[in-house]
Amino acid sequence: MKKGYITVFLSLSLAIILSLVFTVIEGARISAIRMKFECVADIGMNSVLAEYHREMLKQYDLLFVDTSYGGGTASIGNAEAHLKAYMQKNFQMQESGFWTGGDFLNLAADCVEITQYSIASDEGGAVLKRQIADYMADYPAGYLWEKITGNIAQIEGSQMESRDIAGERENYQARIDEIELPKEEVEEGIFEEIPLDNPADIANGTRSIGVLNLTADDIGSISAVKVPLSQYISRRVPMRGSGVCEEAAALTGKPDEVLFLAYLFEKCGYYGEEKDGSLLQYQIEYMIAGKDTDWQNLEHVAKRLLRWREVANVLYILSDNVKIAEAEAMALALTAVMMCPELAEPVKYTILYAWAYVESLQDVKILLHGGRVPVLKTSADWKTGINSIKNVKGGLSGSDEGRGLNYKEYLEVMLFLTDGRDRTFRAMDIMEMDIRQTPGNAAFRLDGCFDTYQAKLSVSSGFGYHYEMERLYGFY
């Protein structure tokens, strides 16, 4: 009887003990599921970021994941598939000779959905520029800002962008055309006006030739590469993500246009400092002009330089009494022969404007050859003589180190004055052009690249449990 009591007691006790043990085991399973879900989510999402585009890092020091993965179609669905595959692989139990039984957790990824992602071109390229600002954080932006704004103040204060020099020159020519020139009899009873032979006409006649044709020593050495702009991001409707990640922006701050400008000059080429392996050779010039050939982009910049320099040189020459006297003497000698003293004044000014034009061509030639030209000149900075208007190209000399701004510094001002959206999207064009030059990236597009993403994840266990979570990961 006593032995029977002990057996019943042990049976009851064992039931209670086993219930406790199984409860502890199940609690351990639940905790392990949650922990493994956390670990696998971290591993999977970091693994997606580990697939950053190697060429973007190599050429531009930027970290982005290309959702085309070297294929022809960029889609966030590709990243979702990669993330789910990474998670599923980490849920699988690796069997060994010692243990071939079932998994204690028996987990599988149910659903992987990327709900938010920041594409490089979102918000007018703000996502791209946020990373650039982070990369350039140690750059002395204050110095560059002061330099550029100081140069802009000089240029705008001198009305280099707004003054209509061509209109002024044409007004003086119109005054000449209104005056009736003396005539001579060329045949019996037939009279023709005696040509004025104004030397300014010789100089002005070269304007249609093109700036590069007048200032470049070797036209054949100028790149003539042409690109189909319709294939690049500035000429297509880009795919969109969720915009700049607030958490990332809070750490790096707002994009800085001066830092962006400094970055472009660090990573991109321009005339005289071309980038190895680039498609367009004059990349900064392309960001300013937006033309489809290197020649057109460089010609556009050279014409703008010529216009700036012509305004500055007209300002100076009209204040230089010595040069005014030279032009007046030439005009008086010419009009005395014609016996038309009323022509002297307008002819003088056409000569002065033509002389300023030739001096401006000289300035452009100096800049393209690596020299320096001040924004505003003194008599010591003037290079050409009055007779240069009679032989324009032959009167231009080679490079001169001089003082003032060099070609790069003039480009900095032009690029800073370029519309912000145009500057950003043309810079992205350049990135796409150069990345597509590399193996396996023929269809690369920046609007298929993201740097931060948020994913909604769910897993199920063979033991009846289901869990969900959201995680935000990115390069910041």
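Residue numbers start at 1 and run along the sequence shown.
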Parallel, tilted or perpendicular: which one describes the rings of Phe416 and Trp145, with boundaries at 30° and 60°?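 Ring orientation of Phe416 relative to Trp145: perpendicular.
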
Tyr407 and Tyr270 aromatic ring geometry - parallel, tilted or perpendicular at 30°/60° bounds: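 Tyr270 vs Tyr407 ring planes: tilted.
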
Can you find a pair of side-chain heavy atoms, one from [X] and one from [Y], that are under 4.5 Å apart?
| X | Y | answer |
| --- | --- | --- |
| Lys383 | Ile366 | yes |
| Glu468 | Val459 | no |
| Thr149 | Asn151 | no |
| Thr452 | Glu247 | no |

Would the distance check show the side chain of [X] and the main-chain N or O of [Y] forming a donor-acceptor pair, the cut-off being under 3.5 Å?
| X | Y | result |
| --- | --- | --- |
| Asn406 | Gly371 | no |
| His300 | Gln296 | no |
| Lys58 | His53 | no |
| Arg372 | Gly404 | yes |
| Arg423 | Leu415 | yes |

List for me each residue that meets side-chain hydrogen bond (donor to acceptor under 3.5 Å, both in side chains) alongside Asp292, sequence neighbours excluded, and say none if there are none. none

How far does [atom1] of [X] sit from [atom2] of [Y], to the nearest 0.5 angstrom?
| X | Y | atom1 | atom2 | value |
| --- | --- | --- | --- | --- |
| Leu83 | Ile43 | CG | CD1 | 12.0 Å |
| Asp42 | Phe37 | CG | CZ | 10.5 Å |
| Glu161 | Ile155 | CD | CD1 | 7.5 Å |
| Asp419 | Met287 | CG | CE | 14.5 Å |

Testing Asp447, Ile76, Thr73, Ile114 one by one against Thr67 for a side-chain contact (heavy atoms from CB on, under 4.5 Å), which residue passes?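 For Thr67, the side-chain contact (heavy atoms from CB on, under 4.5 Å) test succeeds with only one of Asp447, Ile76, Thr73, Ile114, which is Ile76.
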
Does the side chain of [X] pick up a donor-acceptor pair with the side chain of [Y] at under 3.5 Å?
| X | Y | value |
| --- | --- | --- |
| Thr384 | Gln362 | no |
| Thr206 | Tyr357 | yes |
| Thr378 | Asp381 | yes |

Could you tell me whether Arg54 sits above the aromatic face of Tyr52, with NZ or CZ closer than 6.0 angstrom to the six-membered ring centre and within 45 degrees of the axis?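 Yes; both conditions hold, so Arg54 lies above the ring face of Tyr52.
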
Would [X] and [Y] count as a close aromatic pair, with their ring centres under 6.0 Å?
| X | Y | result |
| --- | --- | --- |
| Phe450 | Tyr453 | yes |
| Tyr282 | Tyr271 | yes |
| His82 | Tyr69 | yes |

Counting only heavy atoms not in Trp382 (residues, nucleotides, ligands), do more than 12 fall under 6.0 Å from its CH2? yes

